[in-house]
There are 2 protein chains.
Amino acid sequence: MPGTKIFRFLAVIVTIVDLRDLQDKIRSFVKVSEADMQFALQFYKRKDIKKGTFLLQPGQYIDQFYFVKEGCVSYYTEDDGIPQVIEFFTEGYFFTDLYAYIQEVPSNTYLEAMEDTVIYAVSKTDVEQIFDHSHQLERFGRLSMQKAFINNVQRIHQIKNLSNQERYIQLQEKRPSLFQRVPQYLIASYLGLTPVGLSKIRRRLSKHYD
Amino acid sequence: MPGTKIFRFLAVIVTIVDLRDLQDKIRSFVKVSEADMQFALQFYKRKDIKKGTFLLQPGQYIDQFYFVKEGCVSYYTEDDGIPQVIEFFTEGYFFTDLYAYIQEVPSNTYLEAMEDTVIYAVSKTDVEQIFDHSHQLERFGRLSMQKAFINNVQRIHQIKNLSNQERYIQLQEKRPSLFQRVPQYLIASYLGLTPVGLSKIRRRLSKHYD
DNA sequence: TGGATTTATTAAACTAGTTTAATAAAGAAT
DNA sequence: ATTCTTTATTAAACTAGTTTAATAAATCCA
């Protein structure tokens, strides 16, 4: 059955090509032997998520760690029915609801695809296998967590020391594509204000350039 | 010289007793063999810091990682001459200016002892030796960074979703001793408001209990 | 394509903070 | 103990946001 053979062959190629992003990401942090890299990659499963799909909702457990190949996932809680956005995960981000993942308790957050999204998923037990198997990959885990930590320290500093207007401008500069991908009221929430407040800021800024 | 002998003996005891806090902290994250633990501990140096001393000032490089045995260190930037407190490090905290430490660039932050403080210090090259030497200690590094990351995610969520008054009350509940150890205007800064603003909140709350 | 729904803007009244400045209280140093 | 300096409170005017509600614009989808 030559048809079957070709199909399998193509499937293998697709898998290798697809995981290139993930490999590059890992190698940007540490040197990893080809054997260790292949050991890790075997556990990752590709998932295609349609826009509007929830990877996680309040009350659910989560034992998966994700990597965004393509697309955008919003991470938020809901207070009095109003979404409070913690982060937007886009290409190259690792993510999960880390608190629920680590504590193994039900989450109180949402993970929702903002557009058709492709992610690689790996389970907690497989992550542990990977880290047990390779000291270098454990180091990658430490360094990527360190980087995420620093990002948050800087974010805290920005929230405290910049005005909402300044943070809006900065977000436009650093992640301009977000404004095409995500409704404005979620960006308002991410910046820590109401849709009305963000609209005022936008008007103020546009008038400035008249 | 029996006097000398006794002195040395006591010195050894003191060192072992002193590092107990650090060992306990590490063992709360991972199992470590006695040999690996001793390998790590040999690199730590105790430092006694007088109140008001700066461990770090803007423009300086930092290649030390610290652990607070006793005391309190504030971590802040200065904008227009006004301190902007990022964190207060008290007993059991690991700290450094992680950004400057990792990037090996001059810091733009202060690390200042708020009271007479005892810390254990280890250099970056020694940290790297420790992690190279032991996979388990590398894991400790990953897990402690992970915990710090989660704390910051929760802090971001609080800053965004709680009022200043709510965050003031929460700080009183979670870290009551801070109010004895640190001047109020620095706590105001930590909470993201002015001394005047914090004073108003305190008055509002005290009136509430009349 | 038209109708329904979601999203963004505007207005108006309000509020929790700000800034500046003066005063009071507390702490440190000789 | 007295002075000097730092820290905390209060008042008053102001501001950048809020809430609610109405309207306009954009998007979805059958």
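Please read these numbers as outputs of a predicted model, since none were measured by experiment. In what follows, chains carry the letters A, B, and so on, assigned in the order in which the sequence lines appear, proteins first and then strands, with residues in each chain numbered from 1. Heavy-atom basis, side chains included; hydrogens, waters and symmetry copies ignored.
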Query - Side-chain heavy atoms of B:Lys51 within contact of B:Thr53, under 4.5 Å - result: no
Query raised in the report: Near DNA chain C, which residues from residues 181-197 of chain A have a heavy atom under 4.0 Å away?
Result: A:Pro183, A:Gln184, A:Tyr185, A:Val196
**Report entry** Whole-Å distance separating the CZ atom of B:Arg204 from the C1' atom of C:dG17
**Finding:** 9 Å
Query raised in the report: Within less than 4.0 Å of OP1 or OP2 of C:dG17, is there a side-chain N or O belonging to B:Asn164?
Result: yes
Query raised in the report: Within a radius of less than 6.0 Å around NZ of B:Lys160, do more than 12 heavy atoms belonging to other residues, nucleotides or ligands occur?
Result: yes
Query raised in the report: Can you name the side-chain hydrogen bond (donor to acceptor under 3.5 Å, both in side chains) partners of A:Asp126, sequence neighbours left out?
Result: A:Ser123
Query raised in the report: Looking at side-chain heavy atoms only, is the closest gap between B:Leu98 and B:Phe65 below 4.5 Å?
Result: yes
Query - Nucleotide D:dT10, atom C1' - distance to CD1 of B:Ile201 in whole Å - result: 15 Å
Query raised in the report: Counting side-chain heavy atoms from C-beta on, which of D:dT9, C:dA16, C:dA13 comes nearest to B:Ser199?
Result: D:dT9
Please write out each protein N/O paired with an N/O of nucleotides 24-30 of chain D under 3.5 Å, distance rounded to 0.1 Å.
none

Query raised in the report: For the pair made of CZ in B:Arg202 and C1' in C:dA25, what is the distance, rounded to whole Å?
Result: 13 Å
**Report entry** Integer-rounded Å distance: D:dT18 P and A:Gln165 CD
**Finding:** 13 Å
Report summary line: Rounded to whole Å, CZ of B:Phe179 lies from C1' of D:dT7 at a distance of 16 Å
Report task. Count the heavy atoms of every other residue, nucleotide or ligand shown that sit under 6.0 Å from OH of A:Tyr99, and state whether that count exceeds 12. Result -> no
Report task. Write down the distance between CD (B:Glu166) and P (C:dA16), rounded to a whole number of angstrom. Result -> 12 Å
Query raised in the report: Roughly, in whole Å, what's the span from CG in A:Leu162 to C1' in D:dG17?
Result: 16 Å
Query raised in the report: Which whole-number value in Å describes the distance from B:Arg203 CZ to C:dG17 P?
Result: 13 Å
Query - B:Lys69, B:Arg181, B:Lys25 screened by salt bridge (Lys or Arg N to Asp or Glu O under 4.0 Å) with B:Glu91, the one that passes - result: B:Arg181
**Report entry** Pi-cation contact, B:Tyr101 with B:Lys124 (under 6.0 Å, within 45°)
**Finding:** yes
Report summary line: If each end axis of the helix from C:dT1-D:dA30 to C:dT30-D:dA1 is fitted on five C1' pair positions, the angle between them, to 10 degrees, is 60°
**Report entry** A:Phe95 and A:Leu55, any side-chain heavy atoms less than 4.5 Å apart
**Finding:** yes
Query - side-chain contact (heavy atoms from CB on, under 4.5 Å) against A:Gln184, all qualifying residues, sequence neighbours excluded - result: A:Leu198, A:Arg202
Query - Geometric class of the A:Tyr168/A:Phe179 ring pair [parallel <30°, tilted 30-60°, perpendicular >60°] - result: perpendicular
Report task. Tell me, please, which residues at least two apart from B:Tyr75 pass side-chain hydrogen bond (donor to acceptor under 3.5 Å, both in side chains). Result -> B:Asp97
